[in-house]
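In what follows, a single structure is set out as structure tokens and then discussed.
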Amino acid sequence: MRAVVFSRFGDESVLESVELPVPRPAPGEVLVQVRAAGVNPVDWKAREGWVGTGRPFPLGLGWDVAGVVVGSAAPEGPAVGDEVYGMLPLPYGAAYQEFTTVPAAAVAPKPAALTFEQAAAVPLAALTAWQALDAAGVKGGERVLVQGGAGGVGHFAVQLAKARGARVLATASGRNLGFLRDLGVDEAIDHTRGDLATVDPVDLVIDAVGGRVQRESWGLLRAGGTLITLPEPLDEAHRRPGIDARRVVVSPDGAALSRIGELITAGVVRVEVQQVLPLDRAADAHRISAGGRVRGKLVLTI
Ligand SMILES: NC(=O)c1ccc[n+]([C@@H]2O[C@H](COP(=O)([O-])OP(=O)(O)OC[C@H]3O[C@@H](n4cnc5c(N)ncnc54)[C@H](OP(=O)(O)O)[C@@H]3O)[C@@H](O)[C@H]2O)c1
């Protein structure tokens, strides 16, 4: 099978297309013919060497798949022929390839309304948003601010927070404010204009940007509020007493993905795909993702 792998850490030029044997599912796993693979920032971070895998080169890439089950070692899992989508367990990526193995418990039925490309855009980003909202125990009526609301995680976080009854604020640059409002955001805030300074305190900040944005998020919370950060560990030097703050790291969850699929099917959550590229343009996809301006998701078609 064709696969995009890398044999040393570095820039996009280390990506290479190779022929590999089709993997065999271990007990509890299914073999999926990958039709599309979602692209996430962790993909190029792994390529640069920021994600320890403990495995020798060459290393595979990609954690989001949508495809068809073509083999199974999981009697309780999906059947051969089922269309599924799912997130592979971190830290070893293996989605940029024609076939991959994935734990049966990590996949869910592909929502019928979505193409494979749209479905591949969902798992890692939507599960991150879902698990961040779970970690914060979001209930109806709370004010939730999503920093980076137009990105992969952010655009799911704003919609899932709305679905849980929150009043949702989100930041983006000016060109994405209309997009945020279309997603149901109550207060769309331009991060390039310092407009956050006038916002009333919020109950929860989900930080999908990091760095300066994480540091500034502490001051936007009411006493007793919650800060969930995603890109990096908490900068303890800026911790404020009375704020519950933690980093959430996403993990595969087929059951949650099924519920997210129901929300997609019901029209409560929509999937934004900025661009679909063929697998042999994985390097371009990494370049675009690392630019930090993607609206919704990038997807590779296999
Ligand atoms: N902990 C975990 O498990 C986990 C899981 C998923 C992702 N992550 C991390 O979380 C981060 C976000 O992931 P992602 O997939 O959402 O990334 P992404 O899709 O690449 O995010 C791009 C978006 O970020 C927005 N943005 C950039 N700078 C901003 C700023 N200063 N304020 C507000 N928005 C800004 C951009 O909107 P504009 O162009 O409009 O500014 C763009 O739409 C990445 O660092 C990723 O590695 C962590």
Side-chain angles (χ1 to χ4, degrees), residues 37-51 61-64 87-91 93 120-136 145-160 168-183 185 187-197 199 205-217 220 227-235 245-253 256 271-275 285-299:
V39 175
N40 294 285
V42 68
D43 300 10
W44 50 264
K45 291 178 185 179
R47 191 206 68 221
E48 289 179 347
W50 298 104
V51 180
L61 274 170
W63 282 269
D64 274 334
M87 179 194 154
L88 277 58
L90 292 158
V122 176
L124 188 147
L127 284 172
T128 304
W130 184 272
Q131 290 166 12
L133 293 166
D134 278 352
L145 168 63
V146 179
Q147 299 269 32
V153 174
H155 91 294
F156 287 120
V158 299
Q159 297 180 85
L160 292 170
V168 177
L169 301 77
T171 54
S173 59
R175 73 194 169 92
N176 279 324
L177 298 185
F179 171 60
L180 291 183
R181 292 188 193 102
D182 286 347
L183 295 176
V185 168
E187 297 178 44
I189 301 156
D190 187 343
H191 69 77
T192 66
R193 293 179 8 140
D195 291 352
L196 273 173
V199 163
V205 175
I206 296 177
D207 167 28
V209 180
R212 181 178 56 82
V213 168
Q214 184 197 121
R215 291 193 291 280
E216 292 173 358
S217 291
L220 304 172
L227 170 59
I228 301 283
T229 181
L230 300 171
E232 65 222 347
L234 284 168
D235 180 352
R246 67 192 109 140
R247 184 181 189 203
V248 164
V249 175
V250 65
S251 56
D253 184 346
V271 182
E272 177 77 8
V273 176
Q274 173 178 302
Q275 195 176 348
H286 280 206
R287 214 170 281 121
I288 298 166
S289 173
R293 296 269 86 87
V294 174
R295 175 191 290 183
K297 297 286 304 177
L298 298 173
V299 174

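Counting convention: from 1, in listed order, for ligands and their atoms alike.
You'll find the side chain of Arg175 reaches within 4.5 Å of the side chain of Arg293, heavy atoms only. Using a 4.5 Å heavy-atom cutoff, the side chains of Leu61 and His286 are in contact. Using a 4.5 Å cut-off on side-chain heavy atoms (C-beta onward), Val209 and Arg212 make no contact. Between Leu230 and Ile206 the shortest side-chain heavy-atom distance falls below 4.5 Å. For the pair Val199/Ile189, a side-chain contact is recorded, criterion being any heavy-atom separation below 4.5 Å from C-beta on. Counting heavy atoms from C-beta outward, Ile288 and Gln274 have side chains that approach closer than 4.5 Å. Contact of the Gln214 side chain with the Asp235 side chain is registered, since non-hydrogen atoms from C-beta on lie closer than 4.5 Å. The shortest side-chain heavy-atom distance between Val185 and Val146 does not fall under the 4.5 Å cut-off.
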**OP:** May I have the step-by-step check of side-chain contact (heavy atoms from CB on, under 4.5 Å) for Lys297 and Asp64, ending in yes or no?
**Re:** CA-CA 11 Å; Lys297 297 286 304 177; Asp64 274 334; 4.1 Å; yes
**OP:** Could you check Val250 against Leu90 for side-chain contact (heavy atoms from CB on, under 4.5 Å), going step by step and ending with a plain yes or no?
**Re:** CA-CA 9 Å; Val250 65; Leu90 292 158; 4.3 Å; yes
Before giving the answer on side-chain contact (heavy atoms from CB on, under 4.5 Å), spell out for Leu145 and Leu196 the whole-Å C-alpha distance, their side-chain angles and the decisive distance to 0.1 Å. CA-CA 10 Å; Leu145 168 63; Leu196 273 173; 4.0 Å; yes
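Annotation: atom 19 (O) of ligand 1 to nearest protein heavy atom, Gly152 N, 2.8 Å. For atom 26 (N) of ligand 1, the nearest protein heavy atom (residue, atom name, distance) is Arg293 NH2, 3.8 Å. Nearest non-hydrogen protein atom to atom 45 (O) of ligand 1 is Lys45 NZ, 2.8 Å. Looking from atom 20 (O) of ligand 1 to the surrounding protein, the closest heavy atom is Pro41 CG, 3.8 Å. Val294 O, 2.6 Å is the protein heavy atom nearest to atom 43 (O) of ligand 1. Scanning the protein for heavy atoms near atom 34 (N) of ligand 1, the closest one is Gly148 CA, 3.2 Å. Counting protein heavy atoms only, atom 38 (P) of ligand 1 is closest to Ser173 OG, 3.3 Å. Here the protein heavy atom with the shortest distance to atom 5 (C) of ligand 1 is Thr128 OG1, 3.2 Å.
Every atom of ligand 1 with a heavy atom of Val213 under 4.0 Å away is listed here by number and element: 31 (N). The atoms of ligand 1 that sit less than 4.0 Å from any heavy atom of Val209 are 28 (N), 29 (C), 30 (C), 31 (N), 32 (N), 33 (C), 34 (N), 35 (C). Atoms of ligand 1 found under 4.0 Å from any heavy atom of Ala172, numbered from 1 in the order shown, are 40 (O).
Of the possible donor and acceptor atoms, none in the side chain of Asn40 sits under 3.5 Å from a partner among the backbone N and O of Asp43. The backbone N or O of Leu124 sits less than 3.5 Å from a side-chain atom of Thr128, completing a donor-acceptor pair. Side-chain atoms of Glu232 come within 3.5 Å of backbone N or O of Gly211 as a donor-acceptor pair. A donor-acceptor pair under 3.5 Å is absent between the side-chain atoms of Arg246 and the main chain of Leu234, judged by distance alone.
At a 3.5 angstrom cut-off on N or O pairs, His191 counts as close to ligand 1. Not a single N or O atom of Asn40, backbone or side chain, sits closer than 3.5 Å to an N or O atom of ligand 1. Taking distance alone, with nitrogen or oxygen atoms compared against 3.5 Å, Leu230 approaches ligand 1 more closely than that limit. In terms of polar-atom proximity, defined here as any N/O pair under 3.5 Å, Ser289 makes no such contact with ligand 1.
With a heavy-atom cut-off of 4.0 Å, Leu124 touches ligand 1 through its side chain alone. Contacts between Arg175 and ligand 1 below 4.0 angstrom, taking non-hydrogen atoms only, involve the side chain exclusively. Contact annotation for Asn176 and ligand 1: only side-chain heavy atoms (C-beta onward) come within less than 4.0 Å of the ligand. Neither the backbone nor the side chain of Glu232 has a heavy atom within less than 4.0 Å of ligand 1. Residue contacts with ligand 1 for Val153 involve both N, CA, C or O and side-chain atoms from C-beta outward (heavy atoms, distance under 4.0 Å). Counting heavy atoms under 4.0 Å from ligand 1, residue Val248 touches it through the backbone alone.
Residue Ala208 places a heavy atom less than 4.0 Å from ligand 1. At least one heavy atom of Gly292 sits closer than 4.0 Å to an atom of ligand 1.
Counting heavy atoms only, Pro231 comes closest to atom 10 (O) of ligand 1 of the residues Gly151, Pro231, Ala129. Looking at Asp190, Leu298, Val250, it is Val250 that brings a heavy atom closest to atom 3 (O) of ligand 1.
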